[in-house]
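Reading through the structure tokens given below for one structure.
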Amino acid sequence: MNTILKNKFFNKLLVPAFGLFCMLTSCSDNDFSNEYYEDNNTYYDETYRPSIHFTPEKFWVNDPNGMVYYDGEYHLFYQFNPYGPKWGHMSWGHAVSTDMIHWEELSPALYPDELGDIFSGSIVIDKNNSAGFGKDAMVAIYTSNGAKQTQCIAYSLDKGRTFTKYEYNPVLVSDNPDLKDFRDPKVFWHEASGKWVMSLATHKSITFYSSSDLLKWNKLSEFKDLGMRDHVWECPDLFPLQYNGQTKWVLLVSINPGAPNGGSGTQYFIGDFNGTTFTADLSVPYPIWIDYGKDNYAGVTWDNVPQTDGRRLQIGWMSNWQYAGDVPTNTWRGGMTMPKELTLKTHPNGYPVLASGFVTEISKIGANWSTLTASNNEFKLGDVNDSYQLNIDMNIGAGSNKTLKLENEMGENFVITIDRSNNTFVTNRKQSGDVGFSSSFAAVSTAPLNVNSNNISLSIVVDKGSVEVLVNDGVSQQTNLVFPKKLYNKVILSGSESSVPTIKCRKLNSTR
Ligand code: FRU
């Protein structure tokens, strides 16, 4: 972090009584001692520090918030503790990028106030000045987590560098005083009805509200009674996607716990939205999940991506509430997945599925692809230091299976099995490196393959702290954290399928 930024942090931390209070009290609770100002640490050299995934220089991060594209910049705000590497004092951190790959961390955007901590939320660009803050104001709609959860707004007229909180906050309070879970507003402009629409997590349902000015909100409808409902719903996002020449609406709903492989996960629904009500297609076998790995949570999509681009772009928090506070990274904790483009593809059984693809901008950091040659069922990746991408094309006959073990010299490994006998895609990180910090970490995670063909292609991004695997254009996906001492640098094959896959590898240059 540069000096200007450090000074901004310094002013923001020391001036408010709140900051001083935090320094004297809770900060001493966590394992990062109060060395914030005089520390001469060289960040980004830590063993498990990702090379190409977003992580803050220091301290705790969870959900991505306020993702919006504006005037050449992708903004990524996020749940952030400005005082240490454990959850608490929730504020909005902020980073910007021109390509979603190289990120510049800026000063935190929103700090707690008398209404509470700043929980998750979204940002829109008020092109017609509907709220009266100014044309093109960047308006943040977030949850204040105080005595109760309420929705508040703040605006920026300088591309998100500074925010002013609206003086009449909160703008939305629940009409049910017993409702404790009332949070994570995601707002978009609904062109057909000419109004703003908010999706809000309301205990085990999503409630939709509308507004003409972002200040007064009217309840539209409530969506519930479908999917995984064992626990509280969080971080919704409703958006349209094209599918076979029609517009379909996708509703993302995160839930914790309740994920298919334990802990936190994001389910989704596909259907229609008429400006008032979201109706899910019942041909889809809910619950279905955007990612069956353990570490892709609370992901939502960027607002205001230009129509000329047209992509629906998403990023998730790459962790899981089961162990997020215990992962063996002490200077920072938490980070984001690779940014992905979301599309709808067709499941072999005929219904639509959400597919995730690495954004094409990843090629900016990609070296040339090389085709690896196998010797005794082993492919060596050569010298890999930062991170790399693998494209693997396989032919796996019905009833057969193929296992690919990514391994380093220490024998630490991450195992991927494609099993065509039951069309599953299984990962095993039991020997992936440091797994001892939580009993929930050493996991085997199973996903549906969502493919019924002998031709299986995997696209894999391996960074220092994670493995992201996409099957056949991302119709099935797993994101998993790993903590090996060194990057895995070979692929070892086994399984009943004897044909040898084609494996291409390219190095991805560090974005640090
Ligand atoms: C999801 C979540 C949100 C909440 C935020 C608090 O991970 O629990 O519902 O706004 O984290 O940090």
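Both counts, for ligands and for their atoms, begin at 1 and track the order of listing. Side-chain atoms are counted along with the backbone in the values below, which use heavy atoms only and exclude waters and symmetry mates. Values in this document were obtained by computation on a predicted structure and should not be read as measured data.
Of all protein heavy atoms, the one closest to atom 8 (O) of ligand 1 is Glu234 OE2, 2.8 Å. Here the protein heavy atom with the shortest distance to atom 4 (C) of ligand 1 is Asp184 OD1, 3.6 Å. Nearest non-hydrogen protein atom to atom 7 (O) of ligand 1 is Asp63 OD1, 2.7 Å.
Applying the 4.0 Å criterion to heavy atoms of Phe119 picks out, from ligand 1, the atoms 4 (C), 6 (C), 10 (O). Those atoms of ligand 1 that come under 4.0 Å of a heavy atom in Gln79, given as number and element, are 5 (C), 6 (C), 12 (O).
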Discussion item. Before you tell me yes or no, could you show the steps for Asn320 and Ser264 under side-chain hydrogen bond (donor to acceptor under 3.5 Å, both in side chains), namely the whole-Å CA-CA distance, both residues' side-chain angles and the distance that decides it to 0.1 Å?
Written reply: CA-CA 5 Å; Asn320 189 314; Ser264 320; 3.2 Å; yes

Discussion item. Is there a side-chain contact (heavy atoms from CB on, under 4.5 Å) between Ile290 and Leu342? Walk through the geometry before answering.
Written reply: CA-CA 10 Å; Ile290 191 166; Leu342 302 183; 4.0 Å; yes

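The side-chain tip of Arg333 does not point at the ring of Phe59 from less than 6.0 angstrom away and within 45° of straight on.
Under 4.0 Å from ligand 1, the heavy atoms of Asn62 that appear belong solely to its side chain. Of the heavy atoms in Trp321, only side-chain atoms (C-beta onward) come closer than 4.0 Å to ligand 1.
Partners of His53 according to the ring pair (Phe, Tyr, Trp, His ring centres under 6.0 Å) rule, which considers only residues two or more places apart in sequence or in another chain, do not exist here. Not counting sequence neighbours, the partners of Asp237 by the salt bridge (charged side-chain N to carboxylate O under 4.0 Å, His left out) test are Lys186.
Of the polar atoms of Tyr297, none of the N or O atoms is found under 3.5 Å from an N or O of ligand 1, judged by distance alone.
Electrostatic pairing of Glu468 and Lys340 counts as a salt bridge here, judged by a charged N lying under 4.0 Å from a carboxylate O.
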